[in-house]
Amino acid sequence: MPPRILVVDDEAPMRELLRIILEAEGYHVAEASTLSEAHAQLHRNRFDLVVCDIYLPDGNGLELIRTARQNNQETPFVVITAHTTPAQAITALREGAVDYLSKPFDVEVLKAVVGKHLAPAAPQPVAFFGFLGQAPSLWPILQRLPQVARSDATVLITGESGTGKELLARAIHAASPRAAAPFVPVNCGALPEPLLESELFGHARGAFTGAVREKKGLFLEAHGGTLFLDEVGELPLTMQVKLLRALQERRIRPVGDNREIEVDVRIIAATNRDLEKLLKEGQFREDLYYRLNVIHLHVPPLRERREDIPELARHFVSRACNRLKLPTKQIHRDVMAVLENYPWPGNVRELENIMERAVALEPSSVITLSALPTTLLGQGEMAPSSGPVRLPEGGLDVEAHLHELRREYMRQALARTGGVQKEAAKLLRMSYRAFRYHVAKYKLVED
Ligand SMILES: Nc1ncnc2c1ncn2[C@@H]1O[C@H](COP(=O)(O)OP(=O)(O)OP(=O)(O)O)[C@@H](O)[C@H]1O
Ligand SMILES: [Mg+2]
């Protein structure tokens with residue numbers, strides 16, 4: 001659909017001229033010759049922009065802007081008039097016109113002004129099963145994703161912390177024929193070896209002290225689906241042997257059991273460590289490495305795909321607003337400029353946290369610089385008064401803010417304990433009960 005423009009002018013030759021110029025630019029043009037005709041048009045149709053004369057036979061063109069604003073229409077108005085005086089131009093802008101042109105106008109200037117204010121149709125976020133982004137540095141991955149998802153081959157995902165490795169793994173699972181079966185993540189770095197072994201392979205009843213019941217193990221939980229071996233670079237060497245065996249034979253042996261159980265799982269592994277370096281240092285087994293590295297996907301850091309920052313930022317803001325039941329906030333362009341220039345050591349996760357925090361801190365409907373952490377603003381004059389706690393000029397919703405802080409601390413505690421809620425609750429001196437209640441409330445874990 002080409003953008004629609006309404007041209008309002010009482011002189012037919014002028015309307016004709018505007019129509020010719022604008023249609024040649026690919027716009028759809030409608031005309032009105034009087035104020036009342038224009039009102040009727042604006043009432044009936046949606047326009048992306050209005051070009052209007054100020055002096056009309058039945059009134060002042062600026063009235064159109066007033067009416068539109070009263071009806072909460074954001075349509076940009078470009079005012080054209082003969083002998084514009086600075087005072088007239090200022091009045092027009094004050095009434096809400098986005099620009100003005102004086103007759104006679106330069107055709108190129110008209111085209112430029114119109115083009116500038118016709119917001120390009122809000123680009124639809126491009127996502128592969130929840131994984132957002134379309135920066136050129138992602139193309140090598142994006143191109144392969146559909147095929148990777150269809151295949152059953154083992155995938156190794158590498159990338160810095162917070163780049164979206166787990167999200168990508170989930171997306172691959174969701175796009176795969178295994179989508180209806182479970183996606184089971186396991187953090188290989190979170191548990192000491194004996195626990196990890198029984199966590200992965202399960203154990204028989206009485207296998208060790210405390211094993212009062214038989215336990216299924218995550219391999220079996222993931223049967224038919226995908227097992228996500230996160231932080232695979234942290235696996236102790238002896239566990240690497242056991243894992244390799246399971247992967248080769250597609251069978252597992254629960255701890256303390258002499259039965260072997262066949263399992264059908266697809267493996268996706270991820271790490272932010274340099275596996276090749278671990279290989280050389282003897283910290284990672286070569287045979288396991290080759291077993292995992294069948295398909296290798298490297299997720300580039302956010303600083304190498306800055307093109308995606310605006311879309312990701314808007315996505316996180318709108319999600320946070322939904323969660324807090326607030327109308328979606330816009331992002332001021334100064335904020336966007338800062339976001340696009342920051343090096344993002346914590347990658348997408350850091351962007352996510354900053355946007356969620358900004359939503360809680362920003363009292364108005366547009367996220368402004370004062371809602372960003374000072375670390376992002378640098379030492380320049382832009383930095384507002386510093387300190388971790390700073391009341392924004394317009395005040396803030398302290399309840400929403402405290403919730404956001406609690407949610408953030410809980411999220412970090414869960415990350416630190418590899419998702420073990422009891423441990424995370426202890427870190428925050430919260431009762432397990434209160435912790436679980438808030439986990440559900442803030443949707444911190446799936447289900
Ligand atoms: N491309 C993306 N589109 C939308 N959200 C993203 C994207 N990449 C990352 N995220 C979000 O950023 C956060 C971090 O992503 P994720 O946990 O997948 O990163 P990771 O690479 O596994 O990090 P770590 O190495 O620290 O485990 C998540 O909340 C995720 O939803
Ligand atoms: Mg991860």
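Bear in mind that the values here come from a model prediction, so they are computed numbers and not experimental data. Because only heavy atoms are used, hydrogens play no part in the values below, and waters and symmetry mates are left out as well, while side chains stay in. In each ligand, atom 1 is the first atom listed, and ligand 1 is the first ligand listed. In what follows, residues are counted from 1 in the order of the sequence shown.
- Under a 4.0 Å heavy-atom criterion, Gly130 is in contact with ligand 1.
- Looking only at heavy atoms of the protein, atom 22 (O) of ligand 1 is closest to Glu166 N, 3.2 Å.
- Between Arg411 and Glu356 there is no salt bridge, since no side-chain N of the basic residue sits under 4.0 Å from a carboxylate O of the acidic one.
- Cation-pi check for Arg433 over Tyr437 is not met; the charged atom does not lie both under 6.0 angstrom from the ring centroid and within 45 degrees of its normal.
- With respect to Arg357 and Glu408, no salt bridge is recorded, no charged nitrogen being found less than 4.0 Å from a carboxylate O.
- Taking a cutoff of 4.0 Å between a charged side-chain nitrogen and a carboxylate oxygen, Lys215 and Glu199 qualify as a salt bridge.
- If you check which protein heavy atom lies closest to atom 3 (N) of ligand 1, you get Leu132 N, 2.9 Å.
- Counting heavy atoms closer than 4.0 Å to ligand 1, residue Asn272 contributes side-chain atoms (C-beta onward) but none from N, CA, C or O.
- With a 4.0 Å cut-off on non-hydrogen atoms, Asp308 does not touch ligand 1 at all.
- Comparing heavy-atom distances from atom 16 (P) of ligand 1 across Gly164, Ala270, Gly162, Pro185 singles out Gly164 as nearest.
- A salt bridge does not link Asp274 to Lys280: none of the charged nitrogens lies less than 4.0 Å from a carboxylate oxygen.
- When only non-hydrogen protein atoms are considered, atom 18 (O) of ligand 1 lies nearest to Leu167 N, 2.9 Å.
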